[in-house]
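Read through the structure below, which is laid out as structure tokens, and then see the notes.
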Amino acid sequence: MDTEQYISTIRNRIRKRMPIPLTDDLIESYLDILQFRQVRKKQYVVQPGFPCREQIYVVHGAFRAFFIDNEGKEQTIQFAIDEWYINDTRSYLTDEPATLYVEALEDSVVALLPKAAFEALRDAHPEWQKVARITVQSGFAYAQKRMIANLQKSAEERYHEFLRDYPEMECRVPRHALASYLNMTQEYLSKIRRKLMEASS
């Protein structure tokens with residue numbers, strides 16, 4: 001595992017994408033607390049019943065977060081691919097046991113950000129406190145947008161919007177997971193895909 005290359009990639013991403021400017025020392029203080037792990041396809045990094053005490057940054061690979069509903073069906077609520085975060089946010093924020101599974105869809109590498117270490121970093125440096133607040137707010141805003149889309153938009157509209165917003169993701173996630181994420185059956189998803197292929201041929 002080429003940890004130094006992963007650190008270099010994350011360092012460059014922080015410099016380009018952070019919502020506020022950060023000094024090199026602040027960036028290095030963050031990189032120092034990351035823990036890298038290889039994750040095999042179908043392996044869980046979060047499971048119900050255990051507190052989620054790390055933020056999980058996908059260095060490369062693909063993951064999904066899902067729960068089992070009362071009928072025993074898997075309901076996917078989030079995907080994450082290269083350079084995205086994923087975890088059970090409620091468990092992370094409250095220290096209560098997780099209710100989600102977070103599963104690798106590919107052989108992957110993640111960088112774990114331990115909660116205790118990051119809290120200490122935020123306490124010492126207000127800049128990281130601001131970054132954390134903006135990140136959480138963005139996450140809640142996205143969750144609200146998706147909830148409204150599920151209520152207001154048709155299944156076909158949701159699928160087209162997914163393709164528009166995440167064109168690189170469809171080929172990396174299983175059909176059943178994508179169908180549940182878009183709140184439709186696999187059969188209806190296949191029907192929409194066939195219709196789209198016929199229209200483009």
Side-chain angles (χ1 to χ4, degrees), residues 1-3 5-10 12-14 16-17 36-47 52 54-69 72-89 98 100-113 135 138-139 141-201:
M1 185 166 56
D2 191 354
T3 303
Q5 179 59 47
Y6 300 151
I7 290 174
S8 177
T9 299
I10 296 172
N12 290 335
R13 179 187 183 276
I14 291 174
K16 293 178 181 178
R17 301 187 184 180
F36 292 88
R37 180 187 300 174
Q38 292 177 317
V39 185
R40 303 292 294 178
K41 183 178 179 179
K42 297 187 178 180
Q43 182 179 345
Y44 297 125
V45 292
V46 175
Q47 294 187 66
C52 181
E54 299 97 8
Q55 287 279 3
I56 302 164
Y57 175 77
V58 183
V59 179
H60 71 77
F63 288 80
R64 68 166 177 144
F66 69 96
F67 67 94
I68 309 295
D69 67 17
K73 296 179 180 178
E74 297 179 359
Q75 300 293 342
T76 299
I77 66 166
Q78 184 183 358
F79 293 115
I81 57 174
D82 313 334
E83 301 187 355
W84 292 20
Y85 285 93
I86 191 170
N87 69 358
D88 185 319
T89 302
L100 299 177
Y101 295 89
V102 177
E103 176 192 28
L105 301 175
E106 304 170 353
D107 289 343
S108 305
V109 172
V110 298
L112 303 178
L113 178 62
T135 301
S138 297
Y142 172 78
Q144 179 177 324
K145 176 184 175 182
R146 180 167 174 260
M147 180 177 64
I148 293 172
N150 279 341
L151 293 172
Q152 289 187 335
K153 296 183 178 180
S154 69
E156 192 165 348
E157 287 173 329
R158 293 195 300 273
Y159 178 66
H160 284 289
E161 188 173 86
F162 181 86
L163 292 183
R164 182 196 69 206
D165 293 343
Y166 313 110
E168 76 283 12
M169 191 182 294
E170 186 186 25
C171 63
R172 300 179 67 178
V173 302
R175 186 179 65 176
H176 74 278
L178 179 56
S180 69
Y181 177 81
L182 295 173
N183 195 26
M184 65 180 75
T185 65
Q186 292 186 57
E187 292 75 18
Y188 196 75
L189 176 59
S190 296
K191 180 179 178 180
I192 295 174
R193 281 175 162 174
R194 285 195 300 271
K195 182 178 178 181
L196 188 61
M197 291 176 63
E198 290 169 357
S200 61
S201 61

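Keep in mind that what you see is a predicted model, and the values were worked out from it rather than measured.
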From [X] atom [atom1] to [Y] atom [atom2], the distance as rounded to the nearest 0.5 Å:
X	Y	atom1	atom2	value
His176	Tyr181	NE2	OH	15.0 Å
Asp165	His160	CG	NE2	13.0 Å
Met197	Arg194	CE	CZ	10.0 Å
Asp69	Ser180	CG	OG	9.5 Å
Arg175	Ser190	CZ	OG	3.5 Å
Ile81	Ile86	CD1	CD1	11.0 Å

Locate the shortest heavy-atom distance separating Ala98 from Gln47; write the atom from each residue and the value.
->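 Smallest heavy-atom distance, with atoms named: CB-O, 3.6 Å.
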Taking all non-hydrogen atoms of both residues, which atom of Val110 and which atom of Val59 are closest, and how far apart?
->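 Reported closest heavy-atom pair: C-CG2, 3.9 Å.
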Which residues pass the side chain to side chain contact (heavy atoms under 4.5 Å, CB included) test with Lys41, sequence neighbours left out?
->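 So Lys41 forms a side chain to side chain contact (heavy atoms under 4.5 Å, CB included) with Asp107.
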Any side-chain heavy atom of Met169 within less than 4.5 Å of one from Trp84?
->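 Touching, per the 4.5 Å side-chain cut-off.
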For the residue pair Glu170 and Tyr159, confirm or rule out a side-chain donor-acceptor distance under 3.5 Å.
->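 A pair is found: one side chain offers a donor N or O, the other an acceptor, under 3.5 Å apart.
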Are any side-chain N or O atoms of Arg64 and backbone N or O atoms of Ala177, one a donor and one an acceptor, separated by less than 3.5 Å?
->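 Here the side-chain-to-backbone pair does not exist.
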Intermediate values then yes/no, salt bridge (Lys or Arg N to Asp or Glu O under 4.0 Å), Glu198 and Lys195 = CA-CA 5 Å; Glu198 290 169 357; Lys195 182 178 178 181; over 6 Å; no
Could Arg172 and Phe79 be counted as a cation-pi pair, given that NZ or CZ must be under 6.0 Å from the ring centre and within 45° of the axis?
->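 No.
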Going by an N to O cut-off under 4.0 Å, is there a salt bridge joining Arg158 and Glu161?
->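 Looking at Glu161 together with Arg158, the answer is no, because their closest N to O distance does not fall below 4.0 Å.
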